[in-house]
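I have placed the structure first, in the form of structure tokens, so that the comments after it can refer back to it.
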Amino acid sequence: MEMDMDAMAGAIGVSVPVLRFLLCFAATIPVSFLARFVPGSFLKHLYSAGTGALLSYVSFGFSSNLHFLVPMLAGYASMILCRSRCGIITFFLGFAYLIGCHVYYMSGDLWKEGGIDVTGALMVLTLKVISCAINYNDGLLKEEGLREAQKKNRLIKLPSLIEYFGYCLCCGSHFAGPVFEMKDYLDWAEGKGLWSTSAKGASPYGGTIRALLQAGFCMALYLYLVPYFPLSRFTEPIYQEWGFWKRLGYQYMSGFTARWKYYFIWSISEASVIISGLGFSGWTESSPPKPRWDRAKNVDILGVEFAKNAVVIPTVWNIQVSTWLRHYVYDRLVPKGKKAGFFQLLATQTVSAVWHGLYPGYLIFFVQSALMIAGSRVIYRWQQSVAPAVANVLSFMNFLYTLLVLNYSCVGFMVLSLHETLASYGSVYYIGTILPIVLILSGYIIKPGKPVRSKARKAE
């Protein structure tokens, strides 16, 4: 069997651990399909927890489930022992353990060399454990003054241990996401809320096939492009011999290539959650209405590649994690009655960086992202205060700015080390760092007037 695995891994150019992970990851689709036919909520919770643990064991070994138990039990214990503070306790305990695993495994080096370990799955699980505890904490608060997401997701009653384990490991979603809410999981398992009468007649097969076809296309394109744009090129002498525009072009193409790997992974996850039925999110307003399956959607590929401005990037890339960061970090850092500012943006990006790992490249990338978004907001504010013809020019400039800075910044996310990150940024004269800073400073000097549209409305 081991020899067969070696031969298969060699044939497709991956390591045996990665092949084992990919096979288990693909197995989440039939496993999730069978979950549709498990009768009763208790058995469904048991099935979700058992199959999730089994797939983790086959993929990463026995120690993976021990790693998962630490944040899961810490979060559950905090909900039992200290409900009024369980959200913040679980947040810090969960991140402390995740950071410890990041330091111990240094997964980024392993991933760059084509390996894999349990840390990626632990990252997703940590977010689910934290959101569950925060929502149980929110269950103590009065509805008045709560944001819509808090009202929708808060938990009045403590989930049972089997419900909690089922939520954490359901549909193999702890492998690569998507992150979803305990309230939605419970409604799905019990056939309540959105999954009661409204889900009847909503066939998941069209959405599943679409996600699988998308996954196949993404993997094919990634395998085609990756030999032409290896990350090792950034440290090769030939890269330094190229001119500025060729180096900038290579940064764009290396970022473009790397993204298709993530598109593939998220498409498989999407297919898994859709076919279980959990991905159902209601009906369209078209006639006749069609079922929507965007609860499991983690990326809008065209939205990323043709983003009109940097502000939309978090809404189209790693969508469910971005939503988690907005609900559980960004929104909660904004004082009541005040508007969010650069501090909330930077703090959220820093949490995201730490969640990914402690490599300098991650931290630099997410600080860069905060600068990129802040710079894009300046251009957008200018757009709103000028005549339509000029606004169109500024809109196109915002698109080009986002294209340049995003692909410049994501080199740090890919190469990880401080030396390689700074070398690649320096090779294009730090243009993607200087440009956002210049724009942010310009925003203080060139103050936009009132939006042209609002003036037109006033005249009407």
Side-chain angles (χ1 to χ4, degrees), residues 28-41 44-45 47-48 128 131-132 135 143 146-156 163 166-167 170-173 176-218 263 266-304 306 312 314-324 326-327 331:
T28 62
I29 296 174
V31 165
S32 297
F33 171 70
L34 293 175
R36 300 174 63 85
F37 307 103
V38 177
S41 58
K44 197 161 273 192
H45 298 315
Y47 177 83
S48 295
K128 293 171 88 171
S131 67
C132 182
N135 288 324
E143 278 203 29
L146 294 182
R147 288 178 294 275
E148 284 306 311
Q150 287 179 284
K151 291 177 189 175
K152 177 183 172 294
N153 298 321
R154 70 190 192 125
L155 299 168
I156 306 299
E163 288 172 338
Y167 162 68
C170 170
C171 301
S173 61
V179 179
F180 47 83
E181 301 291 351
M182 169 64 92
K183 185 78 164 46
D184 291 333
Y185 167 76
L186 290 174
D187 284 351
W188 166 76
E190 295 165 14
K192 291 181 180 176
L194 200 59
W195 290 269
S196 54
T197 53
S198 65
K200 287 180 180 174
S203 170
Y205 304 118
T208 303
I209 291 168
R210 178 199 55 75
L212 288 174
L213 289 174
Q214 180 174 287
F217 175 79
C218 294
Y263 297 156
W266 288 330
S267 298
I268 294 290
S269 289
E270 187 178 350
S272 174
V273 178
I274 287 174
I275 205 166
S276 72
L278 180 56
F280 180 67
S281 55
W283 297 87
T284 64
E285 293 180 1
S286 61
S287 182
K290 296 176 183 176
R292 294 201 325 265
W293 299 99
D294 50 10
R295 187 180 308 281
K297 189 173 183 178
N298 233 353
V299 68
D300 174 355
I301 296 175
L302 294 178
V304 174
F306 298 100
V312 305
T315 67
V316 292
W317 169 267
N318 206 353
I319 295 168
Q320 305 307 329
V321 170
S322 295
T323 301
W324 188 96
R326 187 173 74 250
H327 288 165
D331 286 346

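Positions are given from 1 along the sequence.
- Remark: Leu302 pairs with Asp300, Phe306 by the side-chain contact (heavy atoms from CB on, under 4.5 Å) rule, at least two apart or across chains.
- Residues Leu212 and Ser267 form no side-chain contact, since every pair of their non-hydrogen atoms from C-beta on lies 4.5 Å or further apart.
- Cys171 places none of its side-chain heavy atoms less than 4.5 Å from the side chain of Thr28.
- Side-chain N/O atoms of Ser281 and Lys297 include no donor and acceptor closer than 3.5 Å.
- Between Phe180 and Tyr167, the ring centre distance stays below 6.0 Å.
- In this structure, the side chains of Ile268 and Ile29 come closer than 4.5 Å at one or more pairs of heavy atoms.
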**Prompt:** Step by step, would you call Met182 with Ser131 a side-chain contact (heavy atoms from CB on, under 4.5 Å)?
**Reply:** CA-CA 8 Å; Met182 169 64 92; Ser131 67; over 6 Å; no

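- Val312 and Thr315 make their closest contact through O-OG1, 2.5 Å (heavy atoms, listed as atom of the first residue, atom of the second, distance).
- With contacts defined as side-chain heavy-atom distances shorter than 4.5 Å, the pair Ser269/Pro178 qualifies.
- Put simply, the side chain of Ser272 does not reach to within 4.5 Å of the side chain of Phe33, judged on heavy atoms.
- Between Lys192 and Glu190 there is a salt bridge, since at least one side-chain N of the basic residue sits less than 4.0 Å from a carboxylate O of the acidic one.
- When side chains are defined from C-beta on, Leu194 does not count as touching Asp187, because their heavy atoms never get closer than 4.5 Å.
- Of the inter-residue distances, the one linking Ser203 atom OG with Ile274 atom CD1 reads 11.0 Å to the nearest 0.5 angstrom.
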**Request:** Could you go through the side-chain contact (heavy atoms from CB on, under 4.5 Å) check for His327 and Asn135 one step at a time?
**Result:** CA-CA 11 Å; His327 288 165; Asn135 288 324; over 6 Å; no

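- Under the 6.0 Å distance and 45° angle rule, Lys44 counts as a cation-pi partner of Trp188.
- The aromatic rings of Trp195 and Phe280 lie perpendicular to each other, with more than 60° between the two planes, well past the 30° mark.
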**Item:** Audit row: Asn318, Trp266, side-chain contact (heavy atoms from CB on, under 4.5 Å) steps and yes/no
**Value:** CA-CA 8 Å; Asn318 206 353; Trp266 288 330; 3.5 Å; yes

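- One finds a salt bridge joining Glu270 and Arg210 here, because a Lys/Arg side-chain nitrogen approaches an Asp/Glu carboxylate oxygen to under 4.0 Å.
- In this structure, Tyr47 contributes its side chain and Pro39 its backbone to no donor-acceptor pair below 3.5 Å.
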**Request:** Output, in order, the C-alpha distance, side-chain angles, deciding distance and verdict of side-chain contact (heavy atoms from CB on, under 4.5 Å) for Val273 and Arg295.
**Result:** CA-CA 9 Å; Val273 178; Arg295 187 180 308 281; 6.0 Å; no

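- Of the possible polar contacts, one joining the Thr284 side chain to the Lys290 backbone as a donor-acceptor pair under 3.5 Å is found.
- Between Leu186 and His45 the shortest side-chain heavy-atom distance falls below 4.5 Å.
- For Glu143, the salt bridge (charged side-chain N to carboxylate O under 4.0 Å, His left out) partners two or more places apart in sequence, or in a different chain, are Arg154.
- When atom types are taken as modelled, the side chain of Ser322 and the backbone of Pro314 share a donor-acceptor pair closer than 3.5 angstrom.
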